[in-house]
Amino acid sequence: MNLNIALLPGDGVGPEVLKQAVKCLQAVEETFNHNFTYKEALVGAIAIHKKGNPLPDATLKLCKEADAVLFGAIGDPKYDNDPNSKIRPEQGLLALRKELGLFANIRPVQIFPTLIDNSPLKKDIIAGTDFTIYRELTGGIYFGEKKLNDEGTVASDLCEYSEKEISRIAHLAFKAAKNRKNKLTLIDKANVLESSRLWRKVVAKIGESYPDVALDFLFVDNAAMQIILNPSQFDVILTENMFGDIISDEGSVIGGSIGLLASASVGSESAMFEPIHGSYPQAKGKDIANPIASILSAAMFLEHFKLFEEAMAVREAVGKSLKKGIVTPDLDASSKYGTNQVGDFIADNIVDSEDDININDENIDLGKSTII
Ligand code: IPM
Ligand code: MN
């Protein structure tokens, strides 16, 4: 298959982790005879620095023309610590989501059996966790009208949703539930918010056309508690933009590291794949960031194009790195492996799943991948 991929490395550890995902995709190309073309563009703080705009026109054009976008990370402490900053890196990501119409953000939360001891939560609580969050991505409080009075003393952000915005993602979530364990939980705050009451109404109505899917509703405060008390009760979670942002970071704790969670953002025309972790500026350039979330985002990219065998090869290679302890320090504080070495190991094992650990170890110690 020929695919054009736009690469947006962005800020912080984005470039380092994205490089590992590309290595793995090149291993997939080699092994399964595909032809992917990669073109890189600026986004985020680095784009502000170089072009004065977190989403330069050339970047947007490249993304619109590409079959898919692979994204690194965005954000810089310089802007986080300056509430008066008019221009922010995150605006680049938000504008990209809006411009590409990426209304559904899909975030799977699973336990890797070999990492069960990495979670701060007890084993018997997290065993069997396997749910997917469908987070609405182009509406709600993120995109509603923002106001600040002239004195700078009163501010507001509007949370607005239309029936259409709710129903298009609801259909995707119901379909996903049908292919999984037939359960859908809508997370909202319908006891307080009018917008949540609209979500409930619309989702309940759509639920009638998916009779096999058991639909339930949870208030977001209760949901925040349930996710760490009893995560295996969930199958597909559907929620609005802001609640989904918060709940998905919470979900990442279950697996032991936010460095493992991948995501896909899809719309009717475009798709983008990114790790859910942020730019992690403290780790930038230190070769310690976990590349697995980025590599698993590449697996989601492959699945999006129905390259299931290829995606499985990536997932199995990731599983092997976890099993063999070829992991970054977030998963094992005493680990001697860095971002690059973990990426090399996974890429090598996509090419040759029988690759022997010792042979790889030698190459890893030499800082060389056997394929690149
Ligand atoms: C995410 C991030 C973004 C969000 C930020 C960087 C704007 O936290 O993708 O979850 O809030 O959506
Ligand atoms: Mn977030």
Side-chain angles (χ1 to χ4, degrees), residues 8-15 17-18 21 42-48 53-55 59 63 69-83 85-109 132-144 146 157 159 161 165 169 187 220 223-224 227 237-255 257-267 270-284 289-290 293-294 296-297 300-301:
L8 306 192
D11 304 322
V13 298
V17 295
L18 187 58
L42 294 168
V43 74
I46 184 159
I48 300 177
N53 179 353
L55 181 63
T59 302
C63 293
V69 181
L70 295 192
F71 195 92
I74 209 160
D76 187 309
K78 188 169 116 197
Y79 300 92
D80 298 343
N81 303 331
D82 176 10
S85 180
K86 287 268 173 296
I87 182 159
R88 321 187 72 86
E90 288 79 4
Q91 289 161 347
L93 178 58
L94 298 180
L96 194 59
R97 289 172 177 170
K98 195 74 172 177
E99 289 283 343
L100 297 180
L102 305 173
F103 62 82
N105 182 225
I106 303 160
R107 299 184 159 183
V109 177
T132 294
I133 301 172
Y134 275 68
R135 168 190 176 195
E136 200 291 326
L137 203 59
T138 51
I141 197 167
Y142 273 58
F143 291 95
K146 300 186 186 306
D157 298 274
C159 179
Y161 269 109
E165 285 172 311
I169 185 169
I187 293 181
V220 63
I227 279 178
I237 287 177
L238 169 63
T239 192
E240 60 97 76
N241 203 344
M242 173 83 134
F243 297 157
D245 181 43
I246 299 167
I247 289 291
S248 56
D249 267 32
E250 192 190 9
S252 76
V253 171
I254 300 170
S257 171
I258 195 168
L260 298 171
L261 285 204
S263 82
S265 301
V266 301
S270 299
M272 182 160 93
F273 303 85
E274 55 174 314
I276 87 149
H277 62 71
S279 59
Y280 191 17
Q282 308 88 318
K284 183 184 170 157
N290 192 338
S294 189
L296 291 176
S297 300
M300 291 184 84
F301 153 82

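Ligands are counted one by one from 1 in listed order, and the atoms in each one are counted from 1 as well. The chain is numbered in sequence order, starting from 1.
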Between Ser279 and Gly12 (side chain of the first, backbone of the second, donor and acceptor by atom type, cut-off under 3.5 Å), is there such a pair? no
Residues which pass side-chain contact (heavy atoms from CB on, under 4.5 Å) with Ala47, listed by chain and number, not counting sequence neighbours: Leu42, Pro56
Return yes if some donor-acceptor pair links the side-chain N/O of Glu90 with the main-chain N/O of Gly44 below 3.5 Å, else return no. no
Results of side-chain contact (heavy atoms from CB on, under 4.5 Å) for Asn241 - residues two or more places apart only: Arg135, Glu136, Leu137, Tyr142, Phe143, Tyr161
Decide, counting backbone as well as side-chain atoms, whether Asp245 has an N, O or S atom less than 2.8 Å from the Mn ion (ligand 2). yes
Lys/Arg-Asp/Glu bridge criterion (N-O < 4.0 Å) met for Glu274, Arg107: no
Suppose we screen for side-chain contact (heavy atoms from CB on, under 4.5 Å). Which residues come up paired with Leu261, at least two apart in sequence or across chains? Val109, Ser252, Ile276
Taking non-hydrogen atoms within less than 4.0 Å of ligand 1, which protein residues qualify? Ile74, Glu90, Arg97, Arg107, Arg135, Tyr142, Asp245
